[in-house]
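Quick note: numbers below take in every heavy atom, side chains included, and nothing from hydrogens, waters or symmetry partners. Naming: A, B, ... by sequence-line order, numbering from 1 per chain.
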Protein chains: 2
Amino acid sequence: MEAAGTVRLSEQLRERIEENIVTGAYPPGTRLDEVELAETFGVSRTPIREALIQLSSEGFIEIRPRRGAIVAQIAPARLCEMFDVMAELEAMCGRLAARRAVAEDIKRIREAHAACQSARDANDPDTYYRLNETFHFAIYVASHNGFLAEQATGLHRRLRPYRRLQLRVRNRMNNSFDEHNAIVEAIARGDSDAAADILRSHVAVQGERFADLIASLASMHPDKTTDPTTAMRRSA
Amino acid sequence: MEAAGTVRLSEQLRERIEENIVTGAYPPGTRLDEVELAETFGVSRTPIREALIQLSSEGFIEIRPRRGAIVAQIAPARLCEMFDVMAELEAMCGRLAARRAVAEDIKRIREAHAACQSARDANDPDTYYRLNETFHFAIYVASHNGFLAEQATGLHRRLRPYRRLQLRVRNRMNNSFDEHNAIVEAIARGDSDAAADILRSHVAVQGERFADLIASLASMHPDKTTDPTTAMRRSA
DNA sequence: AGGAAGATTATTGTATACAAGATTTGCAAA
DNA sequence: TTTGCAAATCTTGTATACAATAATCTTCCT
């Protein structure tokens, strides 16, 4: 079974481009030129277009008819809406996980939690950020609702660049870890209401974290518009 | 046709094919042949492929590498998972709507509700089914969370064919309407907890409705399947 | 000099051609 | 009759060619 060969090229391209988006290599507003991408990846325009169409329906980019594709620029208000939904999905995962997690689920969650602790102790935000995802994904899986887990993973991924910035905020990593602690305990003792509530507020963007988000946003799309002159000015 | 000309062809095709899927014209398991579709719609394979790719990432169809696309066959277990998530999204919409709905939102909801009443009194399930969607969409909008409304609408649409069958069940239309009544009142008086709870149980597939769903599923994909064992069993 | 209109260029959208893998069909042997 | 294999056929995946629209540049007029 030639596993790699059976995968569609447009799929691989979608992954690679998506990776470049969520890591910030293609920041919001970046114009995605089809021929340029085709040359970069050494393929023709066809699979590139198919990849872009997928990214568009997943919300990562915006395709304006006859005017090309740009990396989605999410307005602050909409970002808050997305975090609100994310919080509710996480809460649901937590509630279900508290009810349905089996020993192995709990084990995976605890392991991910322990790994986070190491990163926190080492004061390594980048590693913590990565392990934090593992922790949350473990909870999604423990919900034993595959569809929910997929939805949560997808949205989590879309919010990845913004979440990353959040962890830079002073003490956020420590607070995050303490909250994780409470989450693990709630799930382990089967307290579904507590698990849901803690996860919801863990994810939600409220109070001062709202201001933090806005501030980090400003640092993210500094003045990127679709106007090429802006890029020129920046490079000058 | 100037106005229509500005819209991508693959977009229009996606809509038309999606419509054929959710209305049941292309039942689950149907093979979607690219050249056949191209001839049917009088276009080349390229826009057809782009439409199929979109439908795939929205979950309406399944593309197996080098083996073509089929209309998604959602297993009963997964369908339940999807309804569970739908229930939670609806609950969230209801909670927010109860808090944030303005006079005009309430007005639209009440109008949709009144329209449902007419269809119920006329004992017209098809019309009720259509107006029921309008009612729910009105609540999504009243949540004043655009992203949430989009997610809810998308999932609602995906579940459309299954929901439709549910309404055929004896008395489901009457029960549904009574529940709508309670929902409207909860939202109108700003009782967010009640709105969320009623909406959740209104949508959820629990108890006897679970059996109804399974039964209607059986009537839906009668013999169309990719699972060889099922085909063998049936042909025996 | 500034702006408008037309021409030019560049990029997207669609169609067709070609390549590669999967399915089917036909045939032979057990 | 059924099973295994191989050739033929059909379908998908990718590349290229062409068409149509948007962006840019030039030129001319005020």
inquiry  = Would you say that B:E34 contacts B:L52 through its side chain, given a criterion of any heavy-atom pair below 4.5 Å between the two side chains?
reply    = yes
inquiry  = According to side-chain contact (heavy atoms from CB on, under 4.5 Å), who are the partners of A:S176, at least two apart in sequence or on a separate chain?
reply    = A:Y128, A:N132, A:R172, A:H180, A:H202
inquiry  = Side chain of B:D33 only, heavy atoms from C-beta on: which candidate in D:dT12, C:dG13, C:dT11 is closest?
reply    = D:dT12
inquiry  = Between B:R31 and D:dT12, is there a contact of a side-chain N or O with OP1 or OP2 at under 4.0 Å?
reply    = yes
task = Using whole Å, report how far CZ of B:R64 lies from C1' of D:dG13.
result = 15 Å
key: Close side-chain approach of A:R8 and B:I63, heavy atoms under 4.5 Å   = yes
task = Quickly work out the A:I48 CD1 to D:dA15 C1' distance and round it to whole Å.
result = 13 Å
ask   = Rounded to the Å, how far apart are B:L13 CG and C:dG13 C1'?
value = 12 Å
ask   = To the nearest angstrom, how far is A:I63 atom CD1 from C:dG13 atom P?
value = 7 Å
At a cut-off of 3.5 Å, list every protein nitrogen or oxygen paired with a nitrogen or oxygen from nucleotides 18-20 of chain D, distance to 0.1 Å.
from   : atom 1 : to    : atom 2 : distance (Å)
D:dA20 : N3     : A:R66 : NH1    : 3.3

inquiry  = Measuring from the side chain of A:V43 (C-beta onward, heavy atoms only), which nucleotide among D:dA15, C:dG13, C:dA15 has the closest atom?
reply    = D:dA15
message = With heavy-atom distances below 4.5 Å as the criterion, would you say the side chains of A:E62 and A:Q73 are in contact?
response = no
ask   = Is there side-chain contact between A:P76 and A:F210, with at least one heavy-atom pair below 4.5 Å?
value = no
task = Please state how far atom CD in A:E11 lies from atom P in D:dG13, giving the value in whole angstrom units.
result = 11 Å
inquiry  = Going by side-chain contact (heavy atoms from CB on, under 4.5 Å), B:L55 matches just one of B:V71, B:I17, B:L13, B:L32. Which one?
reply    = B:I17
ask   = D:dT12 P sits how many Å from B:I61 CD1, rounded?
value = 11 Å
task = Verify the contact: side-chain N or O of A:R67 to OP1 or OP2 of D:dA23, cut-off strictly under 4.0 Å; return yes or no.
result = yes
query = If you check every side-chain atom of A:S44, which of C:dT12, D:dT14, C:dT14 has the closest atom?
reply = D:dT14
query = C:dA20 P sits how many Å from A:R8 CZ, rounded?
reply = 18 Å
Carboxylate-amine/guanidinium contact A:R209 A:D212, below 4.0 Å = no
message = Does C:dT12 have OP1 or OP2 under 4.0 Å away from a side-chain N or O of A:R49?
response = no
ask   = In whole angstrom, what separates B:Q12's CD from C:dG13's C1'?
value = 12 Å
ask   = Within the pair A:T46 and D:dT14, is there a side-chain N or O less than 4.0 Å away from OP1 or OP2?
value = no
